[in-house]
Trainee: 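Dropping the structure in here first, questions after.
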Amino acid sequence: MRITALAGGVGGARFLRGLLHHARQSYPLGSDHDQLDLTVIGNTGDDITLFGLRVCPDIDTLLYTLGGGIHEGQGWGRADESHHLAAELAALGAEPQWFTLGDKDFATHVYRSQLLGRGMPLSAVVERLSARWGLAELGVTLLPMTDTPVETHVVVEEQGEQRAIHFQEWWVRHRAELPADRFVVAGLDRATAAPGVLDAIRGADVVILPPSNPVVSIGIILGVPGVRDALRGTRAPVIGVSPLVGGRPVRGHADVCLRTIGVEETSAGVAGLYADFLDGWLVDEDDPIEGRPGLEVVRRPLLMSSVEAAADMAGAALELGLRLRAERAPA
Ligand code: FO1
């Protein structure tokens, strides 16, 4: 069974780890169900160049979380990390110091930058990094949304002046508390979907949008030319999972991002961003959203407090997708 997911960082990675856990339980090896073949399309708008190295936060969070090396408490970076390199860079006065990079994490950025420097496309680099994390053995293919370098920047207001800063500076240094006027994604309108991305959407049995940030993660992937059309045209049901519980994001700043683009901070507001292709919408059990013709709403607890809780959520999303697919199957 081919599942394709569009994913950002922490929330998306935790959800997909739950999906793999659910699949291992529901379709044990050798069972009559065919195996789960998961293609993850990762957001690269978060990417930033630091100390001359290319850092891909959402891609790395997906690699580390699915590969078993994530720092569980942070949701990003490596477990059992040390920070000798960062400490010496600080002693040298190297900037910036507001973005924490651990020693093992630095190895990812050094190796990625070495390969990119030789002209290797990002998708080929991600394939190398995926091999180190054993993703193929998990039935997972991780693709960057594009090989074109893109970066999300935030136009902020300060003393009446507008200036653009990198998304990471807004998100990490200013904890998204600096009033944002709008998001601009340098290079996105000229980006080309990475090899396999559009086919993975068109050829899927079910497409899933995990509870990643709908504006600066999923929203960026949707901005890659061709992705939205592929989602509209695929025969696969497209199932989304609300990132809001009780009108608030479980973590991160999805509410601030929605406010910045003038969208109401409700699951209905987020579903409206996906309206032209969404078939099913998983919302929190107390969510007041009304279904509408063509949008099947299912209520479930949406707190991913454990891998098992994430597996229950992911199982519900998959089940909804398979049900809608069966209803669509030619009689
Ligand atoms: N998030 C933070 O809040 N503080 C950090 O210092 C930080 C460092 C960092 C290093 C590598 C990496 O892959 C991710 C990192 N993140 C950090 C998370 C990053 O800001 C993500 O882009 C967001 O979580 C949004 O997905």
Side-chain angles (χ1 to χ4, degrees), residues 5-17 40-67 69-87 89-90 94-113 122 125-126 129-130 132-133 142 144-145 150-154 165-178 180 183 185 209-221 243 249-258 260 304:
L6 279 57
V10 184
R14 284 192 172 149
F15 177 89
L16 293 173
R17 181 173 61 183
V40 182
I41 299 167
N43 168 43
T44 59
D46 278 15
D47 296 3
I48 184 170
T49 297
L50 294 170
F51 312 109
L53 301 173
R54 195 65 177 158
V55 180
C56 303
D58 281 354
I59 293 291
D60 294 351
T61 293
L62 287 160
L63 284 167
Y64 296 163
T65 302
L66 300 181
I70 195 74
H71 183 300
E72 200 60 45
Q74 286 173 178
W76 48 266
R78 290 288 300 277
D80 313 321
E81 193 46 295
S82 55
H83 296 84
H84 302 294
L85 207 47
L89 283 165
E95 289 294 335
Q97 293 173 23
W98 45 263
F99 199 76
T100 307
L101 290 168
D103 296 327
K104 290 190 275 189
D105 196 27
F106 257 114
T108 301
H109 312 319
V110 167
Y111 184 49
R112 172 167 42 228
S113 304
L122 182 59
V125 174
V126 170
L129 298 174
S130 298
R132 183 260 183 270
W133 289 102
L142 175 58
M145 65 188 202
V150 295
E151 284 187 2
T152 303
H153 287 244
V154 187
I165 60 175
H166 192 285
F167 166 75
Q168 292 296 347
E169 183 168 0
W170 181 68
W171 187 270
V172 176
R173 186 180 194 184
H174 299 290
R175 291 185 306 287
E177 288 161 1
L178 216 51
F183 299 107
V185 191
L209 272 56
S212 294
N213 188 308
V215 181
V216 294
S217 295
I218 303 277
I220 304 300
I221 303 172
V250 174
R251 60 174 289 131
H253 316 293
D255 49 350
V256 176
C257 296
L258 287 165
T260 300
M304 293 187 283

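Computed over heavy atoms, backbone and side chain alike; hydrogens, waters and symmetry mates excluded. Read the numbers this way: they start at 1 and go in the same order the structure lists the ligands and their atoms.
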Trainee: Which atoms of ligand 1 have any heavy atom of D105 under 4.0 Å away?
Mentor: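 Answer for ligand 1: 11 (C).
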
Trainee: Any N or O of D46 that comes nearer than 3.5 Å to an N or O of ligand 1?
Mentor: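 N/O-N/O distance below 3.5 Å exists for this pair.
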
Trainee: S212 and G11: which non-hydrogen atoms are nearest, and at how many Å?
Mentor: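 Shortest heavy-atom separation between S212 and G11 comes out as OG-C, 4.5 Å.
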
Trainee: Indicate yes or no: does an N/O atom of H109 lie under 3.5 Å from an N/O atom of ligand 1?
Mentor: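 Between H109 and ligand 1, no N or O pair is found under 3.5 Å apart.
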
Trainee: Tell me which protein heavy atom sits closest to atom 6 (O) of ligand 1, plus the residue, atom name and distance to 0.1 Å.
Mentor: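 The closest heavy atom on the protein side is T100 N, 2.9 Å.
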
Trainee: Under 4.0 Å between a side-chain nitrogen and a carboxylate oxygen: does that hold for E72 and R78?
Mentor: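 Looking at E72 and R78, the cut-off is not met.
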
Trainee: Give me the residue, atom name and distance of the protein heavy atom closest to atom 26 (O) of ligand 1.
Mentor: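 Looking at atom 26 (O) of ligand 1, the protein heavy atom closest to it is D58 OD1, 2.9 Å.
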
Trainee: Between R175 and E169, does any NZ, NE, NH1 or NH2 come within less than 4.0 Å of an OD or OE carboxylate oxygen?
Mentor: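 Here E169 does not pair with R175 in a salt bridge, since their nearest N and O are not under 4.0 Å apart.
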
Trainee: Please state whether the rings of F106 and F51 are parallel, tilted or perpendicular, taking 30° and 60° as the class boundaries.
Mentor: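 Taking F51 first and then F106, their aromatic rings sit tilted (interplane angle of 30° to 60°).
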
Trainee: Starting from atom 17 (C) of ligand 1, locate the nearest protein heavy atom and write down its residue, its atom name and how far away it is, to 0.1 Å.
Mentor: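 It is W76 CE2, 3.4 Å.
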
Trainee: Applying a 4.0 Å heavy-atom criterion (strictly less than), which segment of N213 is in contact with ligand 1: side chain, backbone, both, or neither?
Mentor: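 Looking at N213 and ligand 1, no heavy atom falls under 4.0 Å.
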
Trainee: Between G45 and I220, what is the shortest heavy-atom contact and its length?
Mentor: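 Of all heavy-atom pairs spanning G45 and I220, the closest is CA-CG2, 4.2 Å.
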
Trainee: Taking the six-membered ring of F99 as reference, does the NZ or CZ atom of R173 fall below 6.0 Å from its centre and within a 45° cone about the axis?
Mentor: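 That pair does not qualify as a cation-pi contact.
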
Trainee: Relative to ligand 1, is V216 under 4.0 angstrom through side chain, backbone, both or neither, heavy atoms considered?
Mentor: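 Neither; no heavy atom under 4.0 Å.
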
Trainee: Minimum heavy-atom separation for N213 to A254, with atom names?
Mentor: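 N213 and A254 have their closest heavy atoms at ND2-CA, 3.5 Å.
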
Trainee: Measure across G12 and L62 and return the closest heavy-atom pair with its distance rounded to 0.1 Å.
Mentor: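 Heavy-atom minimum between the residues: C-CD2, 4.5 Å.
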
Trainee: Give the residue, atom name and distance (to 0.1 Å) of the protein heavy atom nearest atom 23 (C) of ligand 1.
Mentor: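 Heavy-atom neighbour on the protein nearest atom 23 (C) of ligand 1: W171 NE1, 3.3 Å.
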
Trainee: Just let me know how Q168 lines up against ligand 1, side chain, backbone, both or neither, with a heavy-atom cut-off below 4.0 Å.
Mentor: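 Side chain only; the backbone of Q168 stays clear of ligand 1.
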
Trainee: Give the residue, atom name and distance (to 0.1 Å) of the protein heavy atom nearest atom 4 (N) of ligand 1.
Mentor: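 The closest one turns out to be V172 CG1, 3.3 Å.
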
Trainee: For atom 13 (O) of ligand 1, what is the closest protein heavy atom, and at what distance to 0.1 Å?
Mentor: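 The answer is P57 CA, 3.3 Å.
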
